[in-house]
Amino acid sequence: MPQQKRHVVLSVITVGMLLFTGCTSGNSVTVEPMSEYTPKPDLELIHSIRKNKDASKELYEVYRDLTLIDIHNHDAGYPAVVSKWGQYGIDRIVLFGDISEPSAQATDQLAWDQYRKEPAHVYPSFAGFPIYEEEGLSIVKDKLEQGYLNIGEIAAASTYSPIVSKVEWKAKHPNDGYFPQIYDLAAKYRVPILLHIDPPNGPPISDLEKALEQHPDTIIIFGHANAYNDPSHIKNLLAKHPNVYIDFFAGFTAYNPESTNKLQDFIPLMEEYPDRFMLSTDSGFGLTTEQAAKALYETIDLLTPETALKIASQNYERLIELQPPTDTQIKRITALSAKLGKKETYRLNKRMANELIFKLESKS
């Protein structure tokens, strides 16, 4: 895996009151939440890459210096997940394992363990909670307080998937059970939620639209929205709902013989909504690892430089970097710092708070 390439500028403002956290201080420790994120444009890099492109090389070699985030990856149980995908230049992975069934609780923990080992390359997500039981709400809140940075993939509806249609905690539709309360929690913690929805049309999408309308502050990512779907259907959602984001499983469109579209068919829509698309491998579902990775770069190569940078990393990175630290994180930082005799003022977002906790724990 190449050295982490975080091209970000983070700014701090004084915060009197935040949604649920604030500046917490002990006798000698203060935690001030980060509040703004501005990506650093890297247009010179991408222009240079394209100007000096070597046609004899694979695109993942050509674009290796470009920051790339895979926002949908099930390989939490694979010990070498970072190197597996890193060999193709993928810098960071939104990582989880099983979804919407009891076994997902074990893979949620594996995702967290991978994050502790490789915090520069992993964003931990979780998917193991029952959608029809109140216990599910407690699990969601506890995971978000702990420091998980993403919810999902969650089975919000599934009729045709040979795997997801059979999971125990599958919902009937994206506004069913305790989904409304979970959306409220996602908004409170400013965490995106990734949903599996199939079919990607008809009643499940009508219920998705209701959820988007009723929870305008919740960022809902429509998982592999391009699979068995037409660009015009995605456009209708994007035009009506500013809080829906699109997980583009490029490998499906590029390499799955059941796809009725080509990558080029989605490019105009990506250019029209450059802030709302993100890329994923879906762990290469139905494909080889190389096909899933190559398709990401084939998509990037078709986009304008500005849009390519956003879709490759900046759109998802923004969702991560704007998450404030939680009460649980702040208390943990305060306790660990006091134990180590530190007198510090920390300025942190949620991701940075996690990484600081890991560092302090290793010293205590």
Side-chain angles (χ1 to χ4, degrees), residues 4 6 8-38 92 94-96 105 108-126 128-129 135-151 181-182 184-193 217-219 316-364:
Q4 182 196 19
R6 290 191 187 278
V8 300
V9 177
L10 290 167
S11 303
V12 181
I13 62 172
T14 301
V15 180
M17 291 184 64
L18 289 176
L19 292 174
F20 60 99
T21 66
C23 298
T24 300
S25 61
N27 294 331
S28 59
V29 178
T30 302
V31 177
E32 297 180 0
M34 286 285 192
S35 60
E36 294 182 0
Y37 161 73
T38 304
R92 298 173 229 155
V94 179
L95 189 62
F96 49 96
Q105 296 184 340
D108 291 344
Q109 183 59 49
L110 291 176
W112 186 262
D113 294 342
Q114 294 273 17
Y115 178 47
R116 287 189 65 100
K117 289 190 296 183
E118 301 268 12
H121 301 299
V122 173
Y123 294 130
S125 192
F126 66 98
F129 55 89
E135 177 195 9
L137 290 178
S138 298
I139 292 172
V140 171
K141 184 174 181 179
D142 289 347
K143 293 292 188 185
L144 294 177
E145 276 288 327
Q146 179 182 339
Y148 280 81
L149 298 166
N150 192 87
I151 304 173
Q181 294 91 331
I182 291 167
D184 288 340
L185 282 171
K188 179 180 179 181
Y189 285 83
R190 304 185 194 176
V191 172
I193 179 168
D217 295 325
T218 303
I219 298 298
Y316 190 79
E317 189 173 63
R318 176 179 291 106
L319 300 182
I320 295 296
E321 299 299 316
L322 289 177
Q323 295 179 35
T326 69
D327 288 341
T328 297
Q329 287 178 311
I330 292 173
K331 290 175 182 176
R332 183 65 176 155
I333 289 169
T334 302
L336 288 168
S337 297
K339 182 178 178 181
L340 293 169
K342 290 181 174 290
K343 296 182 179 180
E344 298 279 354
T345 296
Y346 298 110
R347 296 175 177 85
L348 307 164
N349 59 27
K350 187 176 186 179
R351 173 191 61 78
M352 296 166 68
N354 280 333
E355 294 176 20
L356 176 60
I357 289 169
F358 300 158
K359 181 179 178 181
L360 294 174
E361 286 178 340
S362 71
K363 294 181 178 181
S364 63

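Note that the structure is predicted; figures quoted are calculated from it, not measured. Count residues from 1 along the sequence.
Atom CG of Leu336 and atom OG of Ser362 lie 10.0 Å apart (nearest 0.5 Å). In this structure, CZ in Arg190 is found 10.0 Å from CG in Asp217, a value given to the nearest 0.5 Å. For the atom pair Glu361 CD and Leu356 CG, the distance stands at 9.5 Å (nearest 0.5 Å). Of the inter-residue distances, the one linking Asp184 atom CG with Lys141 atom NZ reads 12.5 Å to the nearest 0.5 angstrom. Rounding to the nearest 0.5 angstrom, the gap separating the OG1 atom in Thr334 from the OH atom in Tyr346 is 8.5 Å. Separating the CD atom in Glu321 from the CD atom in Glu36 is a distance of 13.0 Å, to the nearest 0.5 Å.
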**Report entry** Pair Gln146-Thr328, side chain to side chain contact (heavy atoms under 4.5 Å, CB included): steps then yes or no
**Finding:** CA-CA 6 Å; Gln146 179 182 339; Thr328 297; 5.8 Å; no

Report task. Please step through side chain to side chain contact (heavy atoms under 4.5 Å, CB included) for the pair Phe129 and Asp108, ending with a clear verdict. Result -> CA-CA 10 Å; Phe129 55 89; Asp108 291 344; 5.9 Å; no

Requested in this report: Test Leu185 against Gln181 for side chain to side chain contact (heavy atoms under 4.5 Å, CB included), laying out the working first.
Outcome: CA-CA 6 Å; Leu185 282 171; Gln181 294 91 331; 5.9 Å; no

Report task. Show your reasoning for whether side chain to side chain contact (heavy atoms under 4.5 Å, CB included) applies to Lys188 and Leu144. Result -> CA-CA 10 Å; Lys188 179 180 179 181; Leu144 294 177; over 6 Å; no

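Contact annotation: the side chain of Leu348 never approaches that of Gln329 to less than 4.5 Å [non-hydrogen atoms, C-beta and beyond]. Within the 4.5 Å cutoff, the side chain of Tyr123 has no heavy atoms near those of the Asn150 side chain.
Here the shortest heavy-atom pairing between Pro124 and Gly147 reads CG-O, 4.5 Å. Taking all atoms of both residues into account, the shortest heavy-atom contact from Val29 to Lys342 is CG2-O, 3.7 Å. Closest of all the heavy-atom pairs between Leu340 and Ser364 is CD2-CA, 3.9 Å.
Between Phe358 and Trp112, the angle of the ring planes goes over 60°, which puts this pair in the perpendicular group of the 30/60° scheme.
There is a side-chain donor-acceptor pair under 3.5 Å between Asn354 and Tyr115. Under 3.5 Å, the side chains of Asp113 and Gln109 contain a donor-acceptor pair of N or O atoms.
Judged purely by atom type and a 3.5 angstrom limit, Thr30 has no side-chain atom pairing as donor or acceptor with the backbone of Thr345. Using a distance-only test at 3.5 Å, with no hydrogens or angles considered, no donor-acceptor pair links the side chain of Glu32 to the main chain of Arg347. For Lys350 (side chain) and Tyr148 (main-chain N/O), a donor-acceptor pair under 3.5 Å exists by modelled atom type.
Under the side-chain contact (heavy atoms from CB on, under 4.5 Å) rule, Ile320 has a single partner from Asn349, Val191, Leu149, which is Leu149.
Under the 4.0 Å criterion applied to side-chain N and carboxylate O atoms, Arg351 and Glu355 are assigned as salt-bridge partners.
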